[in-house]
Every structure is written in C-alpha cells, then in structure tokens.
Protein chains: 2
Amino acid sequence: MSDDDLEQALALQGRISAFVRAFGLHQPDRTPCGTPVPTSEAHAVGELDRDGPLTQSVLGERLRLEKSTVSRLVSQLTARGWVQRAERAGDARLVWLELTSEGRRAAGELAVARAARFADLLRNIPAEQRPAVIAALTTLVHAANRQPSAAAVSGAAGG
Amino acid sequence: MSDDDLEQALALQGRISAFVRAFGLHQPDRTPCGTPVPTSEAHAVGELDRDGPLTQSVLGERLRLEKSTVSRLVSQLTARGWVQRAERAGDARLVWLELTSEGRRAAGELAVARAARFADLLRNIPAEQRPAVIAALTTLVHAANRQPSAAAVSGAAGG
DNA sequence: ACCAATTGGTTCGATCGTACAACCATGCAT
DNA sequence: ATGCATGGTTGTACGATCGAACCAATTGGT
C-alpha cells in the first residue's frame, strides 16, 4: 500500500464514519413517521413493497441478514399486521412473504417520510453537485459489493 | 419538492441504504483485529487517540451519543484497560479520559486494521474516480452536519 | 451569603439489531 | 433408502443506544 493509498483510505474511513454519526445512522430505533417504526422493519417492508412476494431466505439475502434474524423480523411484522406468511404450491419449506393492504399503506407512508428526510439532506448540497454525489455513492456501493467478505469482516467503519 | 428532487432523494436514500448493507455497517459487533473490539469502543478509542484527553461530555459530542451511553462505553474501556478516568485541578465534576499505554497500542492496531479494510474498498474503485468519491463524501458529511435535527430525527436510512 | 438553575456523570430499565448454534422438516441425489 | 443440502424456528448472547431519575459540583441572581 503506497502512502497515497493509505492517505486515501484514511480519508475514506473518516468520511464514512463521520457521515454515519452526523446523519444519525448509529441510532437504531426511531423513524420519522406517525407510529415509530424500527429501522430494520422499515427496510424489510420497503423491500417487500418494491419487489413483490419474496421468500424469507431471499429477503435475508437482500438485507444481508441471517435467517434467524429474518425469521424474527418477519414475526414482528406479522404481529404488526403488515406482512402475511403464506404457502404456495411447490416447495413446502418455503415461506412466502407478502404485504397486507395495511402493510402497503404503511410502506407508502414510510417511503414519503424517508424521501422527505433525504430531500432535506439534498437541500444542503449545492444543486450542481448532487449528481456527482449520487454517482459517487453508486461507485461506492459497487465497490462494497465486490469486496470478498463484506458481511464477514463487517463493522469496520469504527474498528 | 419537484419531481426531480424526489427522484434524487430516492436515489440518495437507496444508495446509502445499499452501502450500509453492502459494507456491513448494520452489524454492530466485530472488527477485524486480533481481539474482537466492539465498534463503538473502537470509535471512542480512535477519538481519544487522535484528540488527546477529553472529558466525557466532549467525547459524547464527538460521537453524538447521550451521556449515559458514553458513561457505559467508558466503563467498558476502563475495564479493558485501555482508558483511564482521571481528575484534574479545576472543575471537580469533569471526568477526564485518557488512553493508557495499552490503549494507545490498541488504537494503533485498530487503525491499521481499519485502514486495510478501507484500502480494500478503494481497490475496487478505479483510481481516477477515488478523489471524486472522497470529495463527494465530504460534501455529504457537510450536508448532514447542516441538518437541523440530525440526531433527533435519526434512523431514517431505513424508515 | 444563600438558593435556584445548570452542567457533568452514573445507574436503571427498556428496546432494537444481530449473530451463532441446535434443531426440525422438507427436498434431492445417488 | 440413506444421506446431504436447504429453509425456517427457537434459544442464547451481545452490542448499541436512549430516556428518566438521581447525585454532586458550579454558577448566577438577589
């Protein structure tokens, strides 16, 4: 690793860490909508709203969570009345997840609240820089997805 | 909010959310170094290593944490032998925090491990795009810091 | 000089987010 | 059939964080 690389790595680390803190991503609960919705539930609902019925394992892949975590998460969502566990002809092991109508309504509200929050963030970025910021994040996501053990070696923003 | 703004907000939200998942930031524990160090402890040690002795409340401001959270965090670090709570002439309420020599050693190791992880990430970004990515993140951090209730309305990456 | 409000910390209780291991059921392949 | 792989559930443990209640030292007014 050259000195230049090291410097860039340190810069990257500092920025990401700072953003996580500044944007409040280190606080797990709370979401800005009527009923407070835990973050993880919001993520799951968003995924189901966007990509139709999914099996639990697929949802887990999307969210990068262990199957046990997903199982519990789904239980909470069904308790809340937002998700239904269903079966389908075919593989009897699979649990299919779909939003209830109530769940779709909630997903919509959450999407609006979320968009508002991010719109606020954008408002603090000069308009001409916005596309560049979004492009850079896209690059970053691709890079992260290419990392070998992204999930396994995790947590390093702070460590 | 114009359609264009909305579109950008949605893009931003999606990218950030994707990055958090892809890079594994949603998993609180684990850091890639000898002894597994919880993320929050690593952050705190890094801060103390960089900016000398701090009081607890200042550390809390830096990390954007409640004083109760900081108190516990510091207890864990002293139990680990990395931090010393000290007093100083002057305001007797203040608790000054400083790294022990063991703590400084650990901070160094953590920094190395962290840099390696981020260097990996950089390796997956074309060299010519790296400065742009870092610049974009800088912009993003500034924007987040300008947000009114960053801490209060938090958690919205998923909600 | 005194008392009230403020500030820095600690402790308690709660919730969220997640992983790993052990386990069961179903399905698939030899 | 038998044995391995896959999808889920439950139990256990930890990490991260907050708010409220509380105490001690300080500071500002009157």
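Each chain gets a letter, A, B and so on, in the order its sequence line appears, and its residues count up from 1. Quick note: numbers below take in every heavy atom, side chains included, and nothing from hydrogens, waters or symmetry partners.
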Chemist: Under the rule for salt bridge (charged side-chain N to carboxylate O under 4.0 Å, His left out), what residues qualify as partners of E102(B), not counting sequence neighbours?
Modeler: R105(B)
Chemist: Can you measure L59(B) atom CG to dT10(C) atom P for me and round it to whole angstrom units?
Modeler: 12 Å
Chemist: Does R104(B) have any salt bridge (charged side-chain N to carboxylate O under 4.0 Å, His left out) partners at least two apart in sequence or in another chain, and if so, which?
Modeler: none
Chemist: Tell me the interatomic distance from Q76(B), atom CD, to dT17(D), atom P, rounded to whole angstroms.
Modeler: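 Nearest whole value for this atom pair: 10 Å.
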Chemist: Kindly say if R21(B) contacts the phosphate of dG17(C), meaning a side-chain N or O under 4.0 Å from OP1 or OP2.
Modeler: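 So the side-chain polar atoms of R21(B) never come under 4.0 Å of the phosphate oxygens OP1 or OP2 of dG17(C).
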Chemist: Applying a 4.0 Å non-hydrogen cut-off, can you work out what S68(A) is touching in the nucleic acid: base, sugar-phosphate, or nothing?
Modeler: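 If one applies the 4.0 Å heavy-atom cut-off, S68(A) turns out to touch a base.
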Chemist: Mind checking what makes side chain to side chain donor-acceptor pair (under 3.5 Å) contact with T139(B), not counting sequence neighbours?
Modeler: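 With neighbours one apart ignored, the set is Q129(A).
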Chemist: Mind calculating the distance between CD (E66(A)) and P (dG11(D)) to the nearest angstrom?
Modeler: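 About 18 Å, once rounded to whole Å.
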Chemist: Using only modelled atom types and a 3.5 angstrom limit, is any donor from either the side chain of R72(A) or the base of dT15(C) paired with an acceptor on the other?
Modeler: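 No such pair is found, so the answer is no.
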Chemist: Under the side chain to side chain donor-acceptor pair (under 3.5 Å) rule, collect the residues that match up with R50(A), sequence neighbours excluded.
Modeler: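 Result, side chain to side chain donor-acceptor pair (under 3.5 Å) vs R50(A): E47(A).
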Chemist: Quick one: do D120(A) and R117(A) make a salt bridge, cutoff under 4.0 Å?
Modeler: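 Here D120(A) does not pair with R117(A) in a salt bridge, since their nearest N and O are not under 4.0 Å apart.
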Chemist: To the nearest angstrom, how far is R64(B) atom CZ from dC18(D) atom C1'?
Modeler: 17 Å
Chemist: Give the nucleotide from the list dT26(C), dC18(D), dG17(C) with an atom nearest to the side chain of P38(A).
Modeler: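 So the side chain of P38(A) is nearest to dG17(C).
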Chemist: Grab the N/O contacts between the protein and nucleotides 6-9 of chain C below 3.5 Å, and write none if there aren't any.
Modeler:
from   : atom 1 : to     : atom 2 : distance (Å)
dT7(C) : O2     : R93(B) : NH1    : 2.8
dG9(C) : OP1    : Q56(B) : N      : 3.2
dG9(C) : OP1    : V95(B) : N      : 3.0
dG9(C) : OP1    : V95(B) : O      : 3.3
dG9(C) : OP2    : S57(B) : N      : 2.7
dG9(C) : OP2    : S57(B) : OG     : 3.4
dG9(C) : N7     : K67(B) : NZ     : 3.0
dG9(C) : O6     : K67(B) : NZ     : 2.4

Chemist: Determine whether the aromatic ring centres of F19(A) and F19(B) lie less than 6.0 Å apart.
Modeler: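 No; F19(B) has its ring centre 6.0 Å or more from that of F19(A).
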Chemist: Rounded to whole angstroms, how far apart are CG on L63(B) and C1' on dT17(D)?
Modeler: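 Going from L63(B) (CG) to dT17(D) (C1'), I get 12 Å.
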Chemist: Can you measure E61(A) atom CD to dT6(D) atom P for me and round it to whole angstrom units?
Modeler: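 For the pair E61(A) CD and dT6(D) P, the rounded distance is 12 Å.
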Chemist: Going by side chain to side chain donor-acceptor pair (under 3.5 Å), name the residues that satisfy it together with T55(B), two or more places apart in sequence or in a different chain.
Modeler: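 T55(B) satisfies side chain to side chain donor-acceptor pair (under 3.5 Å) with S57(B) once adjacent residues are dropped.
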Chemist: Is the distance from OP1 or OP2 of dC18(D) to the nearest side-chain N or O of T69(B) less than 4.0 Å?
Modeler: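 Checking T69(B) against dC18(D): at least one side-chain N or O falls below 4.0 Å of OP1 or OP2.
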Chemist: Reading 5' to 3' and counting Watson-Crick or G-U wobble pairs with both distances under 3.5 Å, write the dot-bracket notation for DNA chain C, | for bases paired outside the strand.
Modeler: ||||||||||||||||||||||||||||||
Chemist: Mind checking side chain to side chain donor-acceptor pair (under 3.5 Å) for S75(B) and listing every partner two or more places apart, or none if nothing turns up?
Modeler: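 Partners of S75(B) by the side chain to side chain donor-acceptor pair (under 3.5 Å) criterion, ordered by chain and then number, come out as R85(B).
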Chemist: Could you report the tightest heavy-atom contact between R21(B) and R64(A), atom names first, then the distance?
Modeler: O-CD, 3.6 Å
Chemist: Rounded to the nearest angstrom, tell me the gap between atom CG in L73(A) and atom P in dC16(C).
Modeler: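 Interatomic distance, CG of L73(A) to P of dC16(C): 12 Å.
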Chemist: Measure CD/E87(A) against P/dG7(D) and give the value in whole Å, please.
Modeler: 16 Å
Chemist: Is there a side-chain contact between Q27(B) and the phosphate of dG17(C), meaning an N or O under 4.0 Å from OP1 or OP2?
Modeler: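 For Q27(B), the contact criterion (side-chain N or O under 4.0 Å from OP1 or OP2 of dG17(C)) is not met.
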Chemist: Give me the other members of the hydrophobic cluster that L94(A) sits in, counting Ile, Leu, Val, Met, Phe, Trp and Tyr linked by side-chain heavy atoms under 4.5 Å, directly or via other members.
Modeler: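 Result for L94(A) is W96(A).
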Chemist: If you check the H26(B) side chain, which of dT17(D), dG19(D), dT18(C) turns out closest?
Modeler: dT18(C)
Chemist: Which is true for G60(B) with a 4.0 Å heavy-atom rule: it touches a base, it touches only sugar-phosphate, or it touches nothing?
Modeler: nothing
